[in-house]
Every structure is written in structure tokens, then in C-alpha cells.
Amino acid sequence: MLGPDVAWYVAVAAVLFGIGALGVLIRRNTIVVLLSLELMLNAGNLALIALSRHWHNGAGQIFALAVMAVAASEVCVGLGLVVALNRRNLSLDVDSLSELRG
Amino acid sequence: MTGGAWLCLLAPLGGTILITLCGTRIPRVVAAWISTVSCFVAFGGAVWAFLGVQARHAVGPVNPVTFLPAVPGRGEITTAWTWLQSGNFHVGLQLLVDPLSTVMMLIVSGVGALIVLYSIGYMDGDEEERRYFAYMSFFVFSMLLLVEGGNLLLLLVGWGLVGLSSYLLIGFWHKRPSAVQAAKKAFVMNAFGDATMALAFFVLIAHTHSLSFAPNFDVHLSSTAINLVALGLLGGAVAKSAQIPLQTWLPDAMEGPTPVSALIHAATMVTAGVYLIARTHPIFEQAPTIELIAAGTGALTLLVAGLIALVQTDIKRVIAYSTMSQIGYMFLGAGVGAYANGMFHLLTHAFFKALLFMAAGLAIHALAGEQDIRRMRGLGQLMPFTKWCFLAGALALVGIPPFSGFFSKDSIVAATAALGTWYGWIFWVCGVAGAFLTGLYTFRLWFLVFPGEPSPFVREHHHRHGRLEGALTMLVPVGVLAVLATVGGWLQWSPRWTPFTDWLAPAARTLPVAIPTNTQEYYTSAATVLAGLAGIAVAWAIYSERRIAIPAAPFWRRALEEKFYFDLLYDRIFYAPAAAVANVLRREFEEPVVLQTGSDLGEAALETGGLVRRIQTGFLRTYVLFLAAGAAGVVLAFLIAK
Amino acid sequence: MNGLVVASAGNALVWVVWVVAAFSCLASGVAVVTFSNPFYSALALIGNLGSLAVMYLLLSAEFVAAAQVLVYAGAVVVMFLFVIAYVGPRRETPWSGGPSWQTVGAAGAAGALLVEIVVAVGMQASGNLAHETKVGAAFGTPAWVGRVFLVDHLLAFEITSVVLLIAAVGGVILGSHTRRATT
């Protein structure tokens with residue numbers, strides 16, 4: 001394969017995953033949390049595609065497409081929640097959703 | 001024959017189980033009749049067994065008067081299955097059908113059936129009637145198990161079960177605190193006897209590795225061992241039969257319903273001690289000292305109980321002390337070796353004592369529960385049937401011929417005369433003095449309650465049951481027993497004809513030293529009858545005609561009223577130290593350590609919960625953080641594993 | 001000699017493209033996480049998706065790259081932008097609020113995951129990454145993907161379509177007007 005080894009791609013995917021995880025954990029705005037979640041999903045996709053190329057196994061690309069579809073569905077539902085929250089004039093701050101406190 | 005024994009044993013048990021399983025689905029009177037019928041069926045089984053024993057191995061010509069063979073049959077053991085097995089120690093579920101056990105079966109089931117029939121009328125209207133009849137059937141079953149037991153273990157099982165039934169029935173009216181206390185007292189004192197018997201059995205097992213009758217009766221142990229065994233057996237007999245020093249539970253047991261007092265504490269359970277001595281007489285004969293102690297205990301008890309009965313004011317307690325006294329006679333007879341005489345007195349006593357209790361029950365029922373004889377004057381005018389039946393029972397108790405007590409009691413006292421030793425004469429004097437006391441307290445009771453003008457209390461509270469003095473189910477058994485108490489004694493008159501002694505000979509042969517000559521019989525009878533008549537005369541003088549006043553003697557009066565301070569003594573010796581130790585333990589150990597541990601554990605659990613609770617912060621981000629940290633941990637684990 | 005030069009030149013070009021793509025991917029990722037205005041975060045996501053598409057092309061996954069741009073950057077991000085516009089401007093500093101240990105813990109957890117993956121990769125996952133397989137020219141083309149999807153992984157295909165349907169229905173329900181209670 002021309003260019004970097006597959007290990008480099010997987011490393012990039014790992015770093016991207018870490019950045020996305022950090023975003024999910026730290027940000028308080030629901031929409032930004034969903035965006036960070038997209039980052040994590042894309043990182044996984046990158047790893048899948050890279051390894052699929054490495055082992056000449058089509059299943060990796062298929063799985064990546066499926067992940068893409070699922071990510072789209074999840075965003076749809078998540079943003080639907082955000083819209084519903086907004087319509088009821090509730091806060092979009094994830095810290096305000098704390099009624100399951102023990 | 002053996003079928004009769006099994007029928008006799010299992011019919012009352014079947015009655016109990018049936019009543020228990022039906023519960024409240026059957027009317028109360030149906031439960032009552034189930035119990036009664038089961039007892040009558042048991043009596044039928046006992047008759048069948050009796051006839052079987054009579055027919056078996058019967059040899060020789062039949063006596064034309066009594067229709068019994070000259071040499072009666074021996075016994076047979078019937079085994080259901082092996083019950084316990086440990087090494088070379090086997091115990092089977094065995095019943096013994098022999099002359100002694102058939103006599104007891106007939107008494108228990110016959111008198112028991114009559115008393116259960118009487119209970120139908122007496123307990124009518126009680127809310128817990130079904131429980132009562134279930135307990136009564138259970139008691140009859142336990143007592144039959146005791147007398148039919150084919151080995152010592154089953155005898156002990158029956159022994160314990162009758163103690164249990166007694167506890168359940170004394171405390172039947174469980175909302176009454178005095179009844180509950182009395183039941184506990186009876187059970188604890190009986191448990192003492194059970195313990196001594198068990199210890200005796202342990203000694204026997206150690207030597208013979210068996211609890212069957214035959215090996216244990218032929219055993220030859222060292223004198224200490226056999227004395228210990230006999231002492232243990234005597235302890236059990238004394239506890240069960242309420243002899244001194246374990247007699248204090250019997251008067252308190254009168255808290256139970258009157259039929260219970262009649263059945264358990266007069267006719268059957270308290271006589272189990274006498275049965276035990278007769279059954280295990282080979283062991284006692286090898287320990288003559290203990291047998292003598294048994295006789296001495298009997299003699300002492302018959303005097304002490306007679307004295308205490310002189311001051312009792314509760315009608316049932318007078319009869320209870322009378323029971324204690326008469327069992328003293330039976331112990332005296334069995335203790336000197338005249339087992340058949342003791343058993344004969346057991347038979348006649350069952351008749352007249354049950355009669356006395358049930359007649360007293362008629363009076364109590366008619367006066368709506370009143371038991372104090374000082375209020376009951378002149379009852380005879382309103383209740384003639386009861387008066388005459390009670391009189392028959394009283395005359396039988398005192399031993400006036402031709403009533404039944406005469407034949408049985410005199411034969412015991414005559415047997416003591418036959419001994420010829422110095423203690424034999426002391427026993428003889430005790431027996432005659434006891435006859436005087438019996439006459440005195442019995443007719444004190446009769447004169448205070450029945451003859452004369454009815455007291456205002458009686459006029460006010462007496463009520464009839466329709467046109468009769470009581471329910472028919474109550475009157476019939478009383479009548480039957482009155483007849484039996486009158487004529488039952490004619491079964492055996494020691495100088496002339498002795499079918500009863502002959503019948504029991506294979507099982508419990510009278511010791512030769514205790515067989516009196518005819519002369520001894522005659523003058524003994526004269527002495528006891530005269531003493532009894534003297535007692536009646538004194539009672540008549542004091543209580544009926546008021547010619548003589550009761551002597552003051554405050555010290556003796558106090559002693560008698562306090563029942564010779566036995567209760568006080570036991571309280572000081574046994575109860576107070578035990579209670580003190582228990583209190584100390586509670587203060588020092590139970591509260592600080594045991595209870596504290598419980599509450600400490602609870603508090604620790606609560607605190608741990610409180611700590612763990614803090615994980616639930618309610619913040620979404622915290623939960624996601626935990627997710628991420630967990631994922632990191634899992635990946636780390638995989639890495640390390642690789 | 002020419003082949004080698006061409007090959008090495010091709011290799012160098014690929015390396016340069018890769019470095020640029022990787023750098024922009026990571027930079028836009030950081031941007032998504034750190035901008036306080038969610039609108040800017042969404043725009044940064046577009047950059048991220050674009051650089052990822054470039055990397056897919058480098059990995060002979062042409063169809064997936066095209067789908068990435070069309071679906072993700074075209075549809076998903078547009079959805080995000082619509083909702084952000086609808087909801088209105090909200091600014092917030094990324095590190096504010098919540099328990100103080102949350103930040104430290106987050107950094108720790110994310111960093112731990114990252115380090116572990118790098119280590120695993122660095123150890124070449126016990127040799128699995130050692131051997132490279134040659135791929136044919138058809139690898140990654142739409143026709144090839146289509147055939148693999150419909151022949152080898154038909155179940156995944158169908159399930160994915162069901163998931164999309166469910167999401168559509170869910171979205172409609174969530175977004176619909178609440179029924180007024182009749183009082």
C-alpha cells in the first residue's frame with residue numbers, strides 16, 4: 001500500500017475517538033454533545049475502513065456504511081428530542097436533567 | 001387380637017386427624033361426635049384384643065363363674081416396621097398385646113369414650129370446641145400408645161405425648177392466665193420425670209443395646225446400675241402420677257375443663273406411673289430399695305394429700321387431692337409387690353373418680369361455672385340425680401361395701417399387712433389412717449354441697465337444661481359410671497375369688513411376700529371400713545348437724561392451706577435462682593452484646609447504603625464518565641491478558 | 001528506474017495528502033469540542049467529515065467516501081444546522097459547571113482510552129497488523145460494494161433499512177405538536 005501503514009490510520013482514529021469522548025464528557029450543550037458523538041462514530045468508521053483495506057475484507061466497508069446509517073438515525077432522534085425540549089421551554093443543559101438523583 | 005390392638009390405637013388418631021383436616025368446614029357438634037365415635041371404636045378394638053388374648057394359649061377348664069380359662073393367655077408382640085436402627089440397636093414400631101396392656105386399653109378407651117361423650121354436653125357452645133375434641137382424641141391415642149407400646153421407646157413416646165396432651169388441654173382456655181401458668185407448671189414437672197426416665201433408658205441401652213422388654217427384664221446389672229435405672233423410672237412415675245415431691249402441678253391442673261380433669265387427671269394419665277411400675281416390675285424387683293421407696297412415697301402422699309383436701313374450698317381441688325391420695329394407695333400396692341391389687345384399684349378408681357368429677361361437672365354446669373363449695377349448699381334438692389350419683393361415687397371412694405372401692409383398697413392395705421416387717425406395719429397404719437381421712441374429706445364435701453336447704457346463691461343461679469339436670473350426653477355417662485362404681489368391685493374379692501389377679505399373673509405376678517392370708521384380709525377390711533365410717537361420722541357431725549365446731553389450730557390450718565408450703569419451697573429453690581441468673585444474663589450479655597450486634601449490623605448496612613447512594617448524582621455527564629472509565633478499564637484488562 | 005521514481009513520487013504524494021488530511025481531521029475535531037458557539041462547532045464538523053472522506057479515498061474506499069460526503073456532510077450536518085438555527089443562539093464555555101472532578105475525570109478517562117489504543121496498535125495487536133494483503137482494482141468501487149452488500153451481507157442491509165424507518169417515525173413523533181388537553 002502506498003503511503004502510511006494501516007497503523008497510522010488506526011492511530012488517527014484513536015486520537016479522534018479520544019477527542020470525541022472528551023467532548024461528550026465535558027460539554028454541557030446537548031447539541032454539542034451530539035456533535036462529539038458524531039466524531040466518535042466517525043473515528044470508528046475510519047478504523048473499520050483502514051482495517052478492511054489491510055485485510056482485503058469487504059465486511060469492514062459494509063459495516064461502516066451501516067454505522068453511517070445508524071448514526072444518521074440516531075442524530076435524527078436526538079435532534080427530535082432537542083426540538084421537543086425547546087418547544088416545552090426546557091433547558092438544553094444536560095446538567096439540568098437530574099431528576100434521577102439518588 | 002393384634003388387629004384389635006391396632007384398631008384401638010389408630011382409631012382415635014384417625015379421629016384427631018379427621019377433625020384437624022376438616023377444620024371449620026364441619027359444625028362443632030360433628031367434630032364432637034367424630035371424636036366420641038373414634039373412642040368407642042377404640043373400645044371395640046380393645047374388647048377384640050382382650051378376647052384374643054383370652055383365647056390364645058388358653059388351656060385348662062373354663063371357670064364356670066367367670067367364664068375365663070384357668071390359665072389365661074400370654075401376650076404377643078406385633079411389629080409394624082423397624083423404626084430406628086443404629087448399629088446393632090434396633091427399635092421397631094411394636095405393640096404389645098398382653099393381659100396387662102389389654103386391661104389398660106379397656107380402661108382407657110372405655111372410660112375415655114364415656115368422658116368424651118360427656119364432653120359433648122359439657123363443652124357445648126364453646127367457640128373452640130373442635131380444637132378441644134381434636135386434643136381429646138389425641139390424648140386417648142397417646143395414652144393407648146403408652147400402654148400398648150411394645151418396647152420402652154414407644155412407651156416413652158406415649159409418655160411424652162400424654163404430657164403434651166395434658167399441657168394442651170389444661171391450657172385449653174388459653175385466654176385465662178392462670179390456665180396457661182398451670183399448663184406450663186404441669187409440663188415442666190412432667191419433663192423432669194421424662195428426663196429421669198430417659199437417663200434410665202440410657203443406662204439400659206448401654207448394657208443391653210436394646211429397648212425391648214424381654215432383654216431388659218432379664219438383664220443382670222450391677223446393683224448401682226439397676227438402682228439407678230429403677231430410680232429413674234420411679235422419678236418418671238412420681239412426676240406423672242403427682243406423688244410427693246412432684247405433686248404440686250395436679251391441683252393447678254384443675255384449670256382445665258372438668259372432663260379433662262376427669263379423663264387425664266383422674267382416670268388415666270396420672271395412673272400411668274402405676275402402670276409403669278407394674279410393667280417394669282422385673283427391674284424394680286432387682287432393686288428392692290427403690291421399690292420400697294415407691295411404696296413409702298405412696299404412703300406419704302396418701303396421708304399428705306388427704307390432709308390438704310380437708311381445707312380445700314374448690315370442689316374440683318378436693319377431688320384432685322383425693323386423686324393424689326388414691327394414687328398413693330396404688331403406689332403403695334405396687335411398691336410392696338402387689339401389682340394386681342394396685343391395678344385393680346386403678347380400675348375401680350377410674351370408675352368412681354371419673355364419676356365424681358363428672359357429677360361435680362354437672363353441678364358446676366348447672367350453677368354456670370361456680371366451683372366454690374361454700375356457696376353450694378342444698379344442691380341435692382334441685383339436682384337429685386347428681387346427688388345420688390355423687391353419693392355412689394363417694395361411698396366407693398371411701399371404701400364402704402358393697403361399693404367398688406372397698407374391694408380394691410382393702411386388698412392393698414391387706415398386702416402391706418402380709419409383709420410382716422416393721423415398715424409393713426407402718427404402711428398398714430398409714431392405709432387405715434388414710435381411710436379415715438378419705439371418709440372425712442369426701443363427706444365434708446358431700447355434706448357441704450348436697451343435703452339441706454338450697455342457699456340463696458343456688459336458688460339464684462341454678463338453671464336446668466330443659467326438664468333434665470343437664471344434657472342427655474352428660475347424664476348417660478354419669479349414670480353408667482355410677483352403676484360401674486357400685487357393682488364393678490365384685491369382679492374380685494381377694495379372700496374368695498381373684499380372676500383379676502389371675503388374669504394379670506403372666507404379665508405382673510404378685511410377689512409371694514405380698515399375698516396376705518384370709519385372716520389378715522378380714523381384719524384389715526374391718527379396720528379400714530370402721531375408719532371410713534368414723535370419718536363419715538365426724539364429717540356428719542361437723543358439717544351437717546353442726547354439733548362440733550372445727551378445731552381452731554391456726555398453725556395447722558395455715559400449713560394445710562398452703563399445701564404444706566411445697567409451692568413456696570419450690571419457688572425459693574428453683575424459680576428464684578433461675579430467674580436471678582436469667583436477669584443477670586439479660587443485663588450483662590444479651591442486651592449489650594447480642595441485641596447491640598443486631599442494631600449495629602443494621603446501622604452499618606444503612607451507612608454503606610448512604611455512601612453508595614452518592615454515586616447517583618443525577619448528572620448525565622457523571623454517568624457517561626463512569627461509562628468511559630469502565631470501558632477504559634475493560635480495554636486495559638484485555639491488554640494485560642494479551 | 002522510472003518505475004521506482006514514479007513509485008516513490010507517488011508514495012511521497014500520498015504521504016503529503018495523508019498528513020494534511022490527518023491534521024485537518026484532528027484540528028477540526030478539537031474545534032468541534034472547543035468552540036463555544038454550537039454553530040461554529042457544526043461547521044467544524046463539516047471540515048472533519050471532509051478530511052475523513054479524503055482518507056477513505058486513500059484507503060481505496062471510494063464509495064464510502066462519496067457516501068460520507070453525501071450523507072454525513074450533506075444531510076446530517078444540515079440537520080444539525082437547521083436545529084441550531086431553530087433553537088437559537090446559546091453560548092457556553094466548555095469547561096464551566098458540573099462537579100470539578102468531572103473535568104479531571106473526563107480528561108483522565110479519555111486519555112486512558114487513547115493511550116490504550118495507541119499501545120495496542122503500537123504492539124501491532126500481536127502481529128495481526130503485520131501482513132498486508134494486496135487488493136484488486138475493483139476493491140471499494142460502488143459495484144463491488146453493492147454486490148457485497150446484497151450477496152454476503154443482505155441481513156445487515158435489511159436491518160439498516162428498518163432502523164432508518166424507525167428513526168424517521170421517531171423523529172416525526174418527537175417533533176410533532178403536543179396535543180392540547182381538552183379542559
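So that the names make sense, note that chain A is the first sequence line, chain B the second, and so on, each numbered from 1.
Within the 4.5 angstrom heavy-atom criterion, only side-chain atoms of C:Asn48, from C-beta onward, approach chain A. In this structure, chain C has no heavy atom under 4.5 Å from any part of A:Ala43. Proximity to chain A (any heavy atom under 4.5 Å) is restricted, for C:Phe63, to the side chain, taken from C-beta onward. Interface remark: C:Leu52 contributes side-chain atoms only to the contact with chain A (heavy atom separation under 4.5 Å). Of the two parts of A:Ile31, the backbone and the side chain both hold a non-hydrogen atom closer than 4.5 Å to a non-hydrogen atom of chain C.
Looking at A:Arg53, its side chain never comes within 3.5 Å of a backbone N or O of C:Ser60 through a donor-acceptor pair.
Between A:Arg27 and C:Val32, the shortest heavy-atom distance links the atoms NH1-O, 4.0 Å. The two residues C:Tyr56 and A:Asn45 have their closest heavy-atom pair at OH-CB, 3.1 Å. Scanning all heavy atoms of the two residues, the minimum distance from C:Val33 to A:Gly23 falls at CG1-CA, 3.6 Å.
Ranking A:Val12, A:Ile19, A:Leu35 against chain C, the residue ahead of the rest is A:Leu35, based on heavy-atom pairs under 4.5 Å. Highest contact tally toward chain C, considering only A:Ala84, A:Ala14, A:Ala71, A:Gly18, is held by A:Ala14 [criterion: heavy-atom pairs under 4.5 Å]. If you tally non-hydrogen atom pairs under 4.5 Å between each of A:Ala69, A:Gly78, A:Ala13 and chain C, the highest count goes to A:Ala69. In terms of non-hydrogen atom pairs under 4.5 Å with chain A, the most contact-rich of C:Leu13, C:Val17, C:Ile173, C:Val83 is C:Val83. Interface remark: of the candidates A:Leu39, A:Asn42, A:Val77, A:Leu16, A:Asn42 forms the most heavy-atom pairs closer than 4.5 Å to chain C. Counting heavy-atom pairs closer than 4.5 Å to chain A, the top residue among C:Phe82, C:Phe157, C:Trp144 is C:Trp144. Of the listed residues (A:Ala21, A:Ala64, A:Cys76), the greatest number of heavy-atom pairs within a distance under 4.5 Å of chain C belongs to A:Cys76. With chain C as partner, the option from A:Val83, A:Leu79, A:Val75, A:Val33 having the largest number of non-hydrogen pairs under 4.5 angstrom is A:Leu79.
Here C:Leu59 contributes atom CG and A:Leu48 contributes atom CG; the two are 11.5 Å apart, rounded to the nearest 0.5 Å. Note that the CG atom of C:Leu70 and the CE atom of A:Met68 stand 10.0 Å from one another [nearest 0.5 Å]. How far CD1 of A:Ile49 is from CG of C:Leu58: 12.5 Å, rounded to the nearest 0.5 Å. In this structure, CD1 in A:Ile62 is found 5.0 Å from CZ in C:Phe149, a value given to the nearest 0.5 Å. Taking CG of C:Leu45 as the reference point, atom CG of A:Leu34 lies at 11.0 Å (rounded to 0.5 Å).
The neighbour count for C:Phe23 CZ, taken as heavy atoms of other residues, nucleotides or ligands under 6.0 Å away, does not exceed 12.
A:Tyr9 and C:Trp18 have perpendicular rings, their planes meeting at more than 60° on a 0 to 90° scale where under 30° would count as parallel.
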